[in-house]
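In what follows, a structure is listed as structure tokens, so that the remarks can point back to it.
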Amino acid sequence: VARLWFTPMPPRKSKRSGNQTLTEEETTSGLCCENVNCYRLQNGIQFCSQIGLVNMEGSDYASKTYWDQRYAEGKIEHEWYYSYELLEPIVQDCRKWESSDRVLEVGCGDKPLIQGFLGLGLSPENLAGIDYAKSVIDLLKAQQEANKYPKMIQLEDMDGCNMRYDDESFDFICEKGTMDAILSDKQPRRGIRNGVKLISEIVRVMKANGTFLLVSHIEVESEEFDVLMNEILMPSLASKEGVHWKIEAHVVNSGNEEEEDEQPRKRSKRAAEDIKNKYGTVYLIHSIPRKMTRHSSGSGEVSFEIKTYDE
């Protein structure tokens with residue numbers, strides 16, 4: 001377990017086209033790109049506004065209008081990212097579950113994870129899903145009325161960056177791809193500000209012994225990871241007093257197709273096919289209460305470890 005850093009990491013070479021690592025001269029003289037929306041870390045890494053911090057080509061995933069229009073078509077699409085079934089081994093083992101635990105999914109979209117938590121013995125009235133696209137919440141509620149989705153699960157159109165819940169309302173909070181969509185903003189500074197708002201709100205509504213699961217294309221040891229940790233997670237986590245933080249990065253390792261075929265599979269045929277096309281990292285962020293003393297600082301320590309999620 002390695003202690004997380006509070007200061008920017010040394011610059012590295014860029015791993016993708018469109019990003020540039022600035023020289024010392026360029027760092028002191030300003031951005032080498034004339035676009036005012038380009039973003040440069042203090043460690044010298046520059047992200048070009050043409051692709052955003054997280055490159056999600058083809059659509060404006062950071063736009064509420066995009067999602068409203070997409071879901072207005074009125075159909076539930078096949079899960080394109082991570083289903084609950086794929087995440088279930090991590091979810092089951094990440095904490096000691098109680099039947100009274102409350103779970104929130106932020107940016108639930110048209111294929112929420114929260115239904116899967118019923119398998120942990122949780123009550124449906126303690127499960128909630130929110131999305132700022134009212135069209136998708138209306139779509140899911142129509143599914144509830146048609147008895148195609150559990151009626152007791154709470155669904156609300158709500159912005160994850162400005163939630164209406166009270167402080168410390170949930171034991172477990174999850175999101176898949178929401179942070180990625182935010183950081184795909186073609187104005188990277190705005191994307192980072194919104195990322196901080198999202199995590200700050202999640203920290204606020206999560207209980208002192210809670211857990212937050214974040215599914216992202218952002219890989220450990222990437223430039224985007226530096227942004228996620230140094231400029232989004234660390235400032236947001238520091239805002240909650242009386243807790244330590246433990247962050248785990250579960251790196252998905254699906255193996256090759258031949259190895260998978262030789263091993264018995266417990267998941268469905270659809271899930272077995274899907275995992276071959278999945279990649280990314282599952283981040284688990286645990287809030288651990290600590291006894292406060294008059295000599296304690298407002299924010300606790302943060303530890304970080306990497307685990308391989310063998311599929």
Side-chain angles (χ1 to χ4, degrees), residues 1-33 35-57 61-62 175-200 202-203 212-239 245-252 279-286 299 301-309:
V1 179
R3 190 71 51 80
L4 271 179
W5 53 90
F6 283 86
T7 56
M9 295 287 284
R12 290 195 288 265
K13 292 182 178 180
S14 173
K15 292 186 177 181
R16 63 178 198 184
S17 60
N19 295 349
Q20 303 177 46
T21 300
L22 305 183
T23 65
E24 182 176 355
E25 292 76 15
E26 290 172 321
T27 302
T28 56
S29 62
L31 296 174
C32 63
C33 179
N35 192 318
V36 295
N37 290 324
C38 283
Y39 185 80
R40 177 167 55 83
L41 292 175
Q42 294 181 35
N43 63 3
I45 298 173
Q46 176 175 317
F47 295 91
C48 183
S49 63
Q50 295 177 1
I51 55 178
L53 292 172
V54 175
N55 187 5
M56 301 176 73
E57 298 178 353
Y61 292 109
E175 73 92 345
K176 55 169 182 176
T178 300
M179 179 63 73
D180 287 3
I182 288 174
L183 294 182
S184 71
D185 197 319
K186 300 303 185 293
Q187 296 186 36
R189 290 186 181 89
R190 182 175 62 188
I192 288 179
R193 287 196 300 270
N194 287 333
V196 171
K197 289 179 181 178
L198 175 67
I199 300 301
S200 296
I202 287 172
V203 168
F212 169 45
L213 181 147
L214 183 154
V215 184
S216 174
H217 287 94
I218 297 176
E219 299 177 352
V220 177
E221 295 302 320
S222 68
E223 294 167 356
E224 293 83 0
F225 178 76
D226 290 348
V227 175
L228 178 65
M229 286 303 195
N230 289 315
E231 307 221 359
I232 297 176
L233 287 180
M234 297 305 296
S236 303
L237 299 182
S239 66
W245 295 96
K246 179 182 178 182
I247 303 178
E248 301 172 9
H250 293 253
V251 181
V252 174
Y279 69 95
T281 306
V282 179
Y283 295 94
L284 280 174
I285 304 172
H286 303 278
S299 57
E301 298 176 339
V302 180
S303 63
F304 176 73
E305 60 182 328
I306 301 175
K307 296 183 178 181
T308 300
Y309 175 26

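Index from 1, following the sequence. Because only heavy atoms are used, hydrogens play no part in the values below, and waters and symmetry mates are left out as well, while side chains stay in.
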If every non-hydrogen atom of [X] is compared with every non-hydrogen atom of [Y], which pair is closest and at what distance?
X: F212; Y: I199; answer: CE2-CD1, 3.7 Å
X: S216; Y: D180; answer: OG-OD1, 2.6 Å
X: M179; Y: L214; answer: CB-CD1, 4.3 Å
X: A249; Y: T281; answer: CB-CG2, 3.9 Å
X: E231; Y: I192; answer: OE1-CD1, 4.0 Å

Is the backbone N or O of [Y] less than 3.5 Å from a side-chain atom of [X], with the two atoms forming a donor-acceptor pair by type?
X: E175; Y: G177; result: yes
X: S184; Y: A181; result: yes
X: D185; Y: R190; result: no
X: S222; Y: I218; result: no

Is there a side-chain contact between [X] and [Y] in this structure, where contact means two heavy atoms from C-beta onward sitting under 4.5 Å apart?
X: L228; Y: Y283; value: yes
X: V203; Y: W245; value: yes
X: L183; Y: I232; value: yes

Interatomic spacing from CG in L198 to CD1 in I182 - rounded to 0.5 Å | 4.5 Å

Between S303 and the options E248, H286, K246, the side chain to side chain contact (heavy atoms under 4.5 Å, CB included) test singles out K246

